[in-house]
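The analysis underlying the following values was restricted to heavy atoms, covering all of them including side chains, and did not include hydrogens, waters or symmetry mates. Source: prediction; values computed, not measured. Starting from 1, each residue takes its place in the sequence as its number.
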Amino acid sequence: LRSRIAAAEAGVTQAGSLPDPQGTVALSNLPVGDLSLERSPMTGIQFGLRQMLPYPGRLDLKELAAGQDVQITRAMYEESESALVREVKRTWHERYYLHRAVEVARLNKRLAEALTEVADALYSTGSRPQQDLVKAHVEVARLVDRLVVLEEQIDRVQARLNALLGRPPGAPLPAPEVSFEPLELSAQALEGVAAESRPLLVEAQARVERAETMLRLARMNTRPDFTLGFDYRLRAGSEMDPIGGQDMWSFSLGANLPWLNRDLHDAERAEAQAMLDAARGQLGAARNRVREALDNALQAAARSRRQASLYAEGLIPQAELAFSAARAAYETGHADMTSVLDAFRTLNGYQESYYRIVADHENAVADLEYAIGQRLR
């Protein structure tokens with residue numbers, strides 16, 4: 001796309017330039033059966049030059065349309081770049097979540113192993129059944145399996161991120177840190193920013209403007225182009241030549257007659273008008289897509305923000321207390337292993353879900369940045 005911008009820029013000069021002049025050479029008025037240049041005063045070698053001159057304003061409109069092509073191509077490049085940045089960010093956030101999920105699983109695996117030791121000690125004294133020890137071992141195995149799955153997912157995400165960055169799949173990457181900074185933004189303000197900055201909308205608007213230019217060009221096609229001509233004839237002269245073989249020159253002015261081909265030009269105008277209508281429809285559709293994406297991202301960010309606060313300030317602390325209480329009750333014989341494991345799994349799920357919510361919030365911010373075409377941080 002960057003190369004296509006350069007190509008489009010080179011096309012601006014071409015569009016505003018006159019067509020190449022034409023040169024001609026002719027053996028003029030040679031008698032049939034005799035190639036002599038001296039038999040007739042009309043005979044000669046004629047050199048000609050022709051230059052087509054478009055109707056005034058036509059080249060200006062073509063150059064304007066070519067410049068609008070540059071705007072369209074540049075907006076396409078910026079839209080592609082913005083989409084790539086969003087994909088890199090979303091992949092980075094997924095990697096962040098997976099690394100934090102691994103940390104949670106490893107921590108909880110150690111807790112499960114400690115719980116296994118408690119169950120083993122109580123079983124050895126006969127105060128708890130062997131079934132409790134088996135359940136504790138199963139919980140450790142479940143977490144080991146979870147770690148295997150998460151680490152495999154990390155490998156895939158890292159390969160994806162390196163591919164997006166144009167790097168080898170196994171290239172090293174830094175630790176995936178994310179600064180969780182909840183954002184509260186106005187949809188109305190962001191819509192105004194998107195109208196000015198989103199490359200998709202800039203491209204769609206440029207396509208409308210180019211279609212308007214092409215309609216003006218189609219209307220101008222009913223006006224003629226002109227051709228200037230200059231000829232110079234070298235003459236050898238003859239006995240009958242009243243001017244003794246003197247050279248001659250000629251000047252001509254020609255024009256095409258577009259009003260004699262009205263059906264063609266009516267169809268050109270109808271085509272240009274239809275293309276303009278299509279471009280305007282595409283602009284409206286693009287605005288609707290951006291507005292929908294903006295609303296969805298704002299709702300996702302607000303939902304994640306509320307959930308993160310709920311988990312960090314309520315659910316996780318309460319789940320930690322519930323697990324500690326269940327474990328203490330189990331050690332004193334006032335609770336069974338099932339209650340302890342239920343509390344443990346609830347805590348485990350809340351801890352992992354919190355990091356999922358943080359990643360989702362940052363993904364929503366990345367989607368917002370893509371929707372409006374600007375960075376928010």
Side-chain angles (χ1 to χ4, degrees), residues 1-15 61-94 160-167 181 183-216 272 274-302 360-377:
L1 284 171
R2 189 184 295 116
S3 298
R4 287 176 62 184
I5 292 174
E9 289 173 341
V12 175
T13 301
Q14 299 175 54
L61 286 177
K62 288 185 176 181
E63 188 172 7
L64 176 60
Q68 290 162 341
D69 281 335
V70 174
Q71 294 177 357
I72 291 169
T73 308
R74 183 174 290 114
M76 291 170 61
Y77 167 76
E78 292 172 354
E79 178 74 10
S80 177
E81 182 183 46
S82 181
L84 177 60
V85 169
R86 178 183 67 162
E87 190 63 24
V88 167
K89 287 186 174 183
R90 291 182 67 90
T91 308
W92 179 267
H93 300 151
E94 183 65 19
R160 168 68 176 161
L161 184 57
N162 277 321
L164 291 170
L165 297 173
R167 293 152 47 99
E181 300 175 9
L183 293 176
E184 295 187 19
L185 302 165
S186 164
Q188 184 175 3
L190 290 178
E191 283 184 14
V193 174
E196 298 294 330
S197 302
R198 175 69 187 271
L200 177 67
L201 298 182
V202 174
E203 176 194 346
Q205 181 61 47
R207 289 188 183 278
V208 170
E209 293 170 1
R210 188 184 186 282
E212 291 172 344
T213 301
M214 297 307 294
L215 179 59
R216 292 168 61 189
M275 295 301 293
L276 176 57
D277 293 341
R280 286 171 174 165
Q282 290 170 348
L283 175 59
R287 285 171 174 164
N288 289 336
R289 290 199 304 273
V290 169
R291 193 175 297 115
E292 179 187 11
L294 187 59
D295 289 343
N296 290 340
L298 280 172
Q299 292 176 15
D360 287 345
H361 179 272
E362 296 306 296
N363 284 342
V365 174
D367 291 343
L368 278 175
E369 291 178 336
Y370 176 63
I372 65 174
Q374 277 194 10
R375 302 285 179 86
L376 292 172
R377 293 173 176 160

What are the two closest heavy atoms between [X] and [Y], and how far apart are they?
X: V202; Y: A75; answer: CG1-CB, 4.2 Å
X: K62; Y: A15; answer: O-CB, 3.5 Å
X: N363; Y: K89; answer: OD1-O, 4.3 Å
X: A279; Y: R207; answer: CB-O, 3.9 Å
X: L283; Y: Q205; answer: CD2-OE1, 3.2 Å
X: Y370; Y: R198; answer: O-CD, 3.1 Å

Hey, are the side chains of [X] and [Y] touching, using non-hydrogen atoms and a 4.5 Å cut-off?
X: M214; Y: Q68; result: no
X: M76; Y: R4; result: yes
X: E369; Y: V365; result: yes
X: E78; Y: L1; result: no

[X] [atom1] to [Y] [atom2] distance, which is reported to the nearest 0.5 Å:
X: T91; Y: L165; atom1: OG1; atom2: CG; answer: 8.5 Å
X: L276; Y: E209; atom1: CG; atom2: CD; answer: 11.0 Å
X: T213; Y: L64; atom1: OG1; atom2: CG; answer: 4.0 Å
X: E87; Y: L84; atom1: CD; atom2: CG; answer: 8.0 Å
X: E191; Y: R287; atom1: CD; atom2: CZ; answer: 11.0 Å
X: L201; Y: E79; atom1: CG; atom2: CD; answer: 8.5 Å

L368: which of L298, V193, N296 passes side chain to side chain contact (heavy atoms under 4.5 Å, CB included): L298
Carboxylate-amine/guanidinium proximity below 4.0 Å for R2 and E81: no
Salt bridge (charged side-chain N to carboxylate O under 4.0 Å, His left out) against E212, all qualifying residues, sequence neighbours excluded: R280
